[in-house]
Amino acid sequence: MSRITPHVDEARWQEAWERAGVFAARRSADRPKYYVLEMFPYPSGRIHMGHVRNYTMGDVIARYKIAQGFNVLHPMGWDAFGMPAENAAMASGGHPKDWTYGNIADMRAQMKPLGLSIDWSREFATCDPEYYGQQQALFIDMLDKGLVYRRNAVVNWDPVDMTVLANEQVIDGRGWRSGAEVERRELVQWFFRISAYAGELLEALDGLEDWPAKVRLMQSNWIGRSRGLQMSFPLTAPFAGAEGIEVYTTRPDTLMGASFVAVSPDHPLARALEAERPEVAEFCAGARKGGTTEEAIEKAEKRGFDTGLRVRHPFDPAWELPVWIANFILMDYGTGAIFGCPAHDQRDFEFATKYGLPVIPVFDTGEAAGLAEAFVPGKDVVVRYVRGFAGAEWQTGAAAVEAAIAACEGRGIGQGVTKYRLRDWGLSRQRYWGCPIPVVHCPACGVVPERKENLPIRLLDDVTFDVPGNPLDRHPTWARCACPACGEPARRETDTMDTFVDSSWYFARFTAPRATTPTVAEEAGYWMNVDQYIGGIEHAILHLLYSRFFARAMHATGHLPARAIEPFDALFTQGMVTHEIYQTRDAAGRPVYHFPEEVENGVLKATGEAVEVIPSAKMSKSKKNVVDPVSIVETYGADTARWFVLSDSPPERDVEWTAAGAEAAARHLARVLRIAAEAGPAEGAPGADLALTRAMHRAIHDVTQGIESFGFNAAIAKLYAFTNVLQKSAAGPVARRAAVRVLAQLMAPMTPHLAEEVWAMAGGEGLVVSARWPVADPAMLVEETVTLPIQVNGKRRSEVTVAKDLGTADIEALVLADEHVLRALEGGRPKKVIVVPGRIVNVVV
RNA sequence: GCCGGUGUGGCGGAAUGGUAGACGCAGCGGACUCAAAAUCCGCCGUCCGCAAGGACAUGUCGGUUCGAGUCCGACCACCGGCACCA
């Protein structure tokens, strides 16, 4: 194995780059800037192949842009707050801070040997007080602008660990750590007013042309715009101060099919009833129980409670409908109340069937009676949209909705409104290892923001995790403080921020990482936006949407220029690194997994037992289908790992790590080194130089194209092809050395250490990292002669080689003399001859 | 259920509407070697054929075109996102 490993002293070149300071980003007036960023890692302590792939791609772009003469910013940091640190502290008794900073040191040490073009002087961790203090300042500015507020919210509460859990942390209705049944509890929580930007965040997606269409679509669905009618059903008698029940519907065309009105258990009306009738309270309590997880919702049975209240149909005062409380109605969408049209909505139909409510079809479907399930008209079904008040007008789909809205508005019943699914972002976490929310609760003044001069509000170090709950909350003195407004004794907020807040503005902080304000206008103005952002598709919605919101909020608070409200000009989402899974079975038939290095030729090295090979899947420690980048780099060198993760699949798709592929990459790099060593002296007689020079320019053109279009695998294929030509070339030494130097330059973004070595061997000046990217000579891309395939009726039959500028008529004459064509013509004349110059000839007979 | 994406040799994958399978892996044959490793040379979609050559072939079925992996329509399979959202 070691025999094929390319011998390049990678550390030596890393030191050379360091000495030359080539990756330190400084503002400069004379060069255009380019900001390339990969999504920063969580400091788990170990880098994995996914990191290698992600950062290698960013590095290719960064090094390519450096060679193109751009002033490149390519920073790295750590998304360092979060629960794993607390869990580690709970498990082993240390402090989250020590665990986190220890991991950062380890990961940095694992990352540096990859030879990334990172400006390490800008490194920070989100758990640095210098960072989260500025985040607190940002929070205060947002509070000032009304972009943050407090309200009651229903959360998953783990009564044993005494904390709020994210939906992902609730498994089968139980806390993932404690196993305790999760309660839905109402707490006062902080929210970012992201919904205020819903329309803008949606519309601006259209302008993000260099984002994957898939991500834009996912965000668009997530924001979820809908058009509908908001209107009121008047109560037959006023109740609890309300004259009617406000509902929102996207199907006003089914209004004449209304058979009941239903409200959420959290609706003010339900609350009022709950207060006076125990059976309502009991129902509502039951309806609120149960998790907020997807499975819980899936399994939940539709349940309702007839309140006895009645409302009138807006079109017919004599028509009365019952008012129910139903467990499936969400208080925080629309108005928290609906009208049900069982004839044209599946969910309403199920509810009506269960409780014996009438089903009233409004469309002339010809099968209105005896419906087995709700009939939802397809786009090709012509329907009369509202029986009874719209006369002879017939409409379908969105047109029917708009017509119904217009008809209702015309009668003074409700108005057309646009609603969004996107909800405000709850950011309060009852956890220790996060950014403290910088506000104070004062008995006299209420909620008061902390003064900026008191920032950062630091996490205290003196904490233990031997008891559940938030150590900030139970610490005897931490929360005690003076009210920033009146100076009287007050209590600090002990909740911390969701860690997604930390990652929503780090890209802006990189432009001025040591500043004593969140950003610095000059720096942010110069470096923003991120020209190319690279990361996993798993962040398509939350992180990227939150960042887009934050950029707007930072503009509104004066921390970013208007131009930066869309912070990422281009986004690329890369695929995962996968590996086969090797498994055997224990005596009980349970699967036992084995690491790749324990397996050779389909059997366990240790015992010779055959393993079952399960097709490639995402690398996962539990399945043991992982390879450790550190040992790969030790065995083969960083360049081999980089080359392989780029070469085998298109970057947006998954790539399967195989030992054979890694060996092949190493073999190729060793071959390049050999070719460079054999390139000969700097002088000598010319040979067949032109062919090599042409191939060289072709390679420059193709590789440049490949990198520009994120076709790294295609660029690498072209480099293989060029290397093959170079190896077999009969060119003289001067041309060969020139070709080797160009090969070094073209490989430098992918395999920077080897490229330096080869560059130096071929007499390149200085470091290849600082060499200007080569430019292909268009004249060298055109061959003197060109081989045209000859098709007969679209099938390839022969070919003809002609001078590149031969006229169409001459080509036609040559083609018609071709023996295959003559045979096909059988003495007749062709119907048509199509000559595409430089491409193809097609004879139609 | 709603919304998207993908489908090409044994495998990963190339192909501005113009020679399908570049490049790599695996495999086969050969050179070098006492031998092996490494390296180098060659073959490598399927079928028929000694060969020349021919037929078939980019999930399936149709269409547009002189010409379709590529464009259009329907279908099938797999993957992903969202989902009591009124």
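Numbers restart at 1 for each chain; the letters A, B, ... are given by sequence-line order, proteins then strands.
Contacts of Y720(A) with the nucleic acid, taken as non-hydrogen atoms under 4.0 Å apart, involve only primed sugar atoms and P, OP1 or OP2. Across all strands, E656(A) comes closer than 4.0 Å to no nucleic acid atom at all (heavy-atom distances). Residue K419(A) is out of contact with every strand shown, counting any heavy-atom pair closer than 4.0 Å. Looking at heavy-atom distances under 4.0 Å, L217(A) makes contact with sugar-phosphate atoms alone, never a base. Across all strands, N724(A) comes closer than 4.0 Å only to sugar-phosphate atoms, never to a base (heavy-atom distances).
Listed in residue order, the members of residues 702-714 of chain A having a heavy atom less than 4.0 Å from RNA chain B are N713(A).
Considering only side-chain N and O atoms, Q727(A) lies under 4.0 angstrom from the phosphate OP1 or OP2 of C40(B).
Evaluation of atom-type donor-acceptor distances gives a pair under 3.5 Å for the side chain of R839(A) against the base of U16(B). For R423(A) against C85(B), a side-chain-to-base donor-acceptor contact under 3.5 Å is present. One cannot find a donor-acceptor pair under 3.5 Å joining the base of C66(B) and the side-chain atoms of K832(A). For R347(A) against A86(B), a side-chain N or O and a base N or O form a donor-acceptor pair under 3.5 Å. Taking only distance into account, the side chain of N221(A) never meets the base of C82(B) through a donor-acceptor pair shorter than 3.5 Å.
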Quick one: do Y248(A) and V417(A) satisfy side-chain contact (heavy atoms from CB on, under 4.5 Å)? Show the steps, please.
CA-CA 9 Å; Y248(A) 171 72; V417(A) 292; 3.4 Å; yes
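Rounded to an integer number of Å, the gap from CD of E799(A) to P of G18(B) is 18 Å. Protein atom CD of E663(A) is 12 Å distant from nucleotide atom C1' of A38(B), rounded to whole Å.
Under 4.0 Å is where a charged nitrogen must lie from a carboxylate oxygen, and between E402(A) and R227(A) at least one such pair does. Look at E819(A) and R797(A) and you find no salt bridge, because none of the NZ, NE, NH1 or NH2 atoms lies under 4.0 Å from a carboxylate O.
With its glycosidic angle more than 90° from 0, G59(B) is assigned anti.
Listed nucleotides: G12(B), A26(B), C84(B). Nearest to the side chain of F328(A): C84(B).
Here C75(B) sits opposite G59(B) as a Watson-Crick or G-U wobble pair (both hydrogen-bonding atom distances under 3.5 Å).
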